[in-house]
Amino acid sequence: MRIIKKRLVDNVLDISDSSLTCYLRGQNANLRAILNYPAIIICPGGGYTQLSDRESEIIALSFLAKGYHSFVLNYSLVSDSYLYPKPLVEMAKVFQFINENAEKYHINLDKIATIGFSAGGHVVSWYNSLPDDWINQYTNVSVIKPTKQILCYPLIDFSLTNGFPKGQISNILGTCLPGATQKMVSKKTPPTFIWTTNTDELVPSKNTTEYILALQKYSVDYEAHVFGWGPHGLSLSNEQTNYLPTDSKHSNRCFVNIHDSAWFPLAVEWLERKNYDIK
């Protein structure tokens, strides 16, 4: 395994706070020759104010163990100026990097997936609905979108959440309001694996169900799971990603739920059924 960290740069927008961490599988002379690996781009959550460690490297390593090159996008966060469209431009720059290094790192450009958690799901679902000509303003490579997307308890519509003050939403979206990605779904939206829990208190499950309805409207291939119980931010929902809140308000929340942890093997199996194996 190799780990590479790269700063992202744009000639127009200041995206100097963003970066890409690459977790790359290596070639082993004692094993059969691998022509190309599938890749997954990971967008952690954090409410656009931080990036969750529990949805970053541990997710990358989990997919790495399943045969994927993993790329964690550390996208820009909200500050004194409007945030958007920076995260979308940064995602385009990730695709540019992957295109330019596909041969060097043995990346299968036909098998690139994106996965987003919470606010990261907002970035992923928005980017994957953008018109190609918008993306081409920032990159001129051949592959600019994934062929599959995974959305984990995604923020889809700020009006359906319980944790974002109106002022903060305006600072995040700026002139890109309302930023409701269920309204951006089209026939070009990639096949989607989406999951959440019915007791998510921060990003209620209606975000997921509204997105599912949009996928159905446009006949987009999807698989969906709404688990009966679990707080927001479960990550892998096992001991590896357990979290013990220090504040009394959330001290009773449990981030380990074996039933909900089934989402990861289900998502991997879904990708394999879509021919995301190593060839």
**Student:** Hydrophobic clustering (ILVMFWY, side-chain heavy atoms < 4.5 Å, transitive) - are Tyr82 and Phe158 grouped together?
**Tutor:**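 No, separate clusters.
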**Student:** Between the side chains of Asn128 and Thr114, is a donor N or O closer than 3.5 angstrom to an acceptor N or O?
**Tutor:**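 Looking only at side-chain atoms, Thr114 and Asn128 do form a donor-acceptor pair, the distance falling under 3.5 Å.
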**Student:** Ignoring hydrogens and angles, tell me if any N or O in the side chain of Lys187 forms a donor-acceptor pair with the backbone of Ser219 under 3.5 Å.
**Tutor:**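 Flag not set: sc Lys187 to bb Ser219 has no pair under 3.5 Å.
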**Student:** Under the side chain to side chain contact (heavy atoms under 4.5 Å, CB included) test, which residues partner Ser118, sequence neighbours left out?
**Tutor:** Tyr153, Val203, His232
**Student:** Could you check whether any side-chain heavy atom of Ile59 comes within less than 4.5 Å of a side-chain heavy atom of Phe117, counting everything from C-beta outward?
**Tutor:**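 They are in side-chain contact.
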**Student:** Partners of Tyr127 by ring-ring contact (aromatic ring centres under 6.0 Å, His included), sequence neighbours excluded?
**Tutor:**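 For Tyr127 the ring-ring contact (aromatic ring centres under 6.0 Å, His included) partners, ignoring immediate neighbours, are Phe95.
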**Student:** Where do Gly46 and Ala119 come nearest, in terms of heavy atoms and distance?
**Tutor:** N-CB, 4.4 Å
**Student:** Determine which pairs satisfy salt bridge (charged side-chain N to carboxylate O under 4.0 Å, His left out) with at least one residue from residues 212-236, sequence neighbours left out, and list them in order.
**Tutor:** Asp221-Lys274, Glu223-Arg273
**Student:** State yes or no: do Tyr222 and Val226 share one hydrophobic cluster built from I, L, V, M, F, W and Y residues joined by side-chain heavy-atom distances below 4.5 Å, directly or via other members?
**Tutor:** no
**Student:** Please confirm whether the backbone N or O of Leu130 pairs with a side-chain atom of Lys145, one donor and one acceptor, at under 3.5 Å?
**Tutor:** yes
**Student:** Under the side-chain contact (heavy atoms from CB on, under 4.5 Å) criterion, do Trp195 and Thr197 qualify, and how do the steps go?
**Tutor:** CA-CA 7 Å; Trp195 73 276; Thr197 69; 4.3 Å; yes
**Student:** Are Leu213 and Gln182 side-chain neighbours, meaning at least one heavy-atom pair lies under 4.5 Å?
**Tutor:** no
**Student:** Are Thr189 and Tyr211 side-chain neighbours, meaning at least one heavy-atom pair lies under 4.5 Å?
**Tutor:**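 Yes, close enough: below the 4.5 Å cut-off.
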**Student:** If you look at every heavy atom in Ala224 and Ile212, which pair is closest and at what distance?
**Tutor:** CB-CD1, 3.5 Å
**Student:** At what distance, to the nearest 0.5 angstrom, does CD1 of Ile169 lie from CG of Leu173?
**Tutor:**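 If we round to the nearest 0.5 Å, Ile169:CD1 and Leu173:CG are 7.5 Å apart.
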**Student:** Is there a continuous path of hydrophobic side-chain contacts, each under 4.5 Å between heavy atoms, that joins Leu61 to Ile115?
**Tutor:**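 Yes.
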**Student:** Report the residues that fulfil side chain to side chain contact (heavy atoms under 4.5 Å, CB included) with Thr241, sequence neighbours left out, ordered by chain and then residue number.
**Tutor:**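 With sequence neighbours excluded, Thr241 shows a side chain to side chain contact (heavy atoms under 4.5 Å, CB included) to Arg54, Ile58, Ser235, Leu236, Asn238, given in chain and number order.
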**Student:** Can you name the salt bridge (charged side-chain N to carboxylate O under 4.0 Å, His left out) partners of Asp157, sequence neighbours left out?
**Tutor:**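 Asp157: no salt bridge (charged side-chain N to carboxylate O under 4.0 Å, His left out) contacts found.
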**Student:** For a quick test of reading the model, state the closest non-hydrogen atom pair linking Ile172 to Val78 and the distance between them.
**Tutor:**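 That closest heavy-atom pairing would be CG1-CG2, 4.0 Å.
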**Student:** For residues Tyr218 and Val124: do they belong to one hydrophobic cluster (side chain heavy atoms under 4.5 Å, members Ile, Leu, Val, Met, Phe, Trp, Tyr)?
**Tutor:** yes
**Student:** Does Ser16 have any side chain to side chain contact (heavy atoms under 4.5 Å, CB included) partners at least two apart in sequence or in another chain, and if so, which?
**Tutor:** Asp14
**Student:** The test is ring-ring contact (aromatic ring centres under 6.0 Å, His included); show your working for Phe71 and Phe63 and say whether it passes.
**Tutor:** CA-CA 10 Å; Phe71 300 86; Phe63 276 103; over 10 Å; no
**Student:** Is there a donor-acceptor pair closer than 3.5 Å between any side-chain N or O of Thr199 and the backbone N or O of Gly230?
**Tutor:**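 Yes, Thr199 side chain to Gly230 backbone: donor-acceptor pair under 3.5 Å.
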**Student:** Of all heavy-atom pairs between Lys93 and Leu8, which one has the smallest distance, and what is that distance?
**Tutor:** CB-CD2, 4.2 Å
**Student:** Is the closest side-chain heavy-atom distance between Tyr48 and Tyr75 below 4.5 Å?
**Tutor:** yes
**Student:** Measure the spacing between CD of Gln96 and CG of Asn101 and express it to the nearest 0.5 Å.
**Tutor:** 10.0 Å
**Student:** Looking at every heavy atom in both Leu151 and Ser125, which two are closest together, and how far apart are they?
**Tutor:** CD1-CB, 4.2 Å
**Student:** Using modelled atom types only, decide if a donor and an acceptor are shared between the side chain of Thr192 and the backbone of Pro190 within a distance under 3.5 Å.
**Tutor:** yes
**Student:** If you define the side chain from C-beta out and look only at heavy atoms, does anything of Trp126 sit under 4.5 Å from Pro87?
**Tutor:**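 Contact flag for Trp126/Pro87 side chains = no.
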**Student:** Indicate yes or no for a side-chain donor-acceptor contact from Asp200 to the backbone of Ser205 under 3.5 Å, with no hydrogens or angles considered.
**Tutor:**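 Such a contact is absent between Asp200 side chain and Ser205 backbone.
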**Student:** Please check: side-chain N/O of Ser18 versus main-chain N/O of Ser76, any donor-acceptor pairing under 3.5 Å?
**Tutor:**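 No; zero donor-acceptor contacts below 3.5 Å.
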**Student:** Heavy atoms only: give me the nearest Ala60-Ser70 pair and the separation to one decimal.
**Tutor:** O-OG, 2.9 Å
**Student:** Look only at the side chain of His69 and the backbone of Tyr105, and say whether a donor-acceptor pair between them is shorter than 3.5 Å.
**Tutor:**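 Confirmed, His69 side chain pairs with Tyr105 backbone.
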**Student:** Nearest 0.5 Å, please: how far is OG1 in Thr209 from CD1 in Ile194?
**Tutor:** 8.5 Å
**Student:** Please determine whether side chain to side chain donor-acceptor pair (under 3.5 Å) holds for the pair Asn99 and Ser142, giving the CA-CA distance in whole Å, both sets of side-chain angles, and the decisive distance to 0.1 Å.
**Tutor:** CA-CA 7 Å; Asn99 274 260; Ser142 59; 3.2 Å; yes
**Student:** Checking Tyr23 against Glu57 for the side chain to side chain donor-acceptor pair (under 3.5 Å) test, could you report, in this order, the C-alpha distance in whole Å, the side-chain angles of both residues, the deciding distance, and whether it holds?
**Tutor:** CA-CA 9 Å; Tyr23 299 81; Glu57 184 172 76; 3.0 Å; yes
**Student:** Measure from the side-chain N and O atoms of Asn257 to the backbone N and O of Ser237, and report whether any donor-acceptor pair falls under 3.5 Å.
**Tutor:** no
**Student:** Below 4.5 Å, heavy atoms only, C-beta onward: do Cys152 and Trp263 meet side chain to side chain?
**Tutor:**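 Sidechains of Trp263 and Cys152: in contact.
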**Student:** Hey, could you give me the CG/CD1 distance between Leu64 and Ile40, rounded to the nearest 0.5 Å?
**Tutor:** 11.5 Å
**Student:** Would the distance check show the side chain of Asn171 and the main-chain N or O of Leu83 forming a donor-acceptor pair, the cut-off being under 3.5 Å?
**Tutor:**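 Answer holds: no.
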**Student:** Are Ile156 and Leu177 joined in one hydrophobic group, where the rule is that I, L, V, M, F, W and Y side chains link up if heavy atoms are under 4.5 Å apart?
**Tutor:**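 Result: yes, single cluster for both.
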**Student:** Measure the OG-NZ distance between Ser129 and Lys183 for me, rounded to the nearest 0.5 Å.
**Tutor:**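 With rounding to 0.5 Å, OG (Ser129) is 13.5 Å from NZ (Lys183).
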**Student:** Check whether any side-chain heavy atom of Thr181 lies under 4.5 Å from a side-chain heavy atom of His122, and answer yes or no.
**Tutor:** yes
**Student:** Does the side chain of Leu13 come within less than 4.5 Å of Pro85's, by heavy atoms?
**Tutor:** yes
**Student:** Could you tell me the separation between the CZ atom of Phe193 and the NE2 atom of His225, rounded to the nearest 0.5 Å?
**Tutor:**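 Reported to 0.5 Å precision, the distance equals 4.0 Å.
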**Student:** Between Asn74 and Ser19, does the side chain to side chain donor-acceptor pair (under 3.5 Å) criterion hold? Intermediate values first, please.
**Tutor:** CA-CA 5 Å; Asn74 304 295; Ser19 65; 3.1 Å; yes
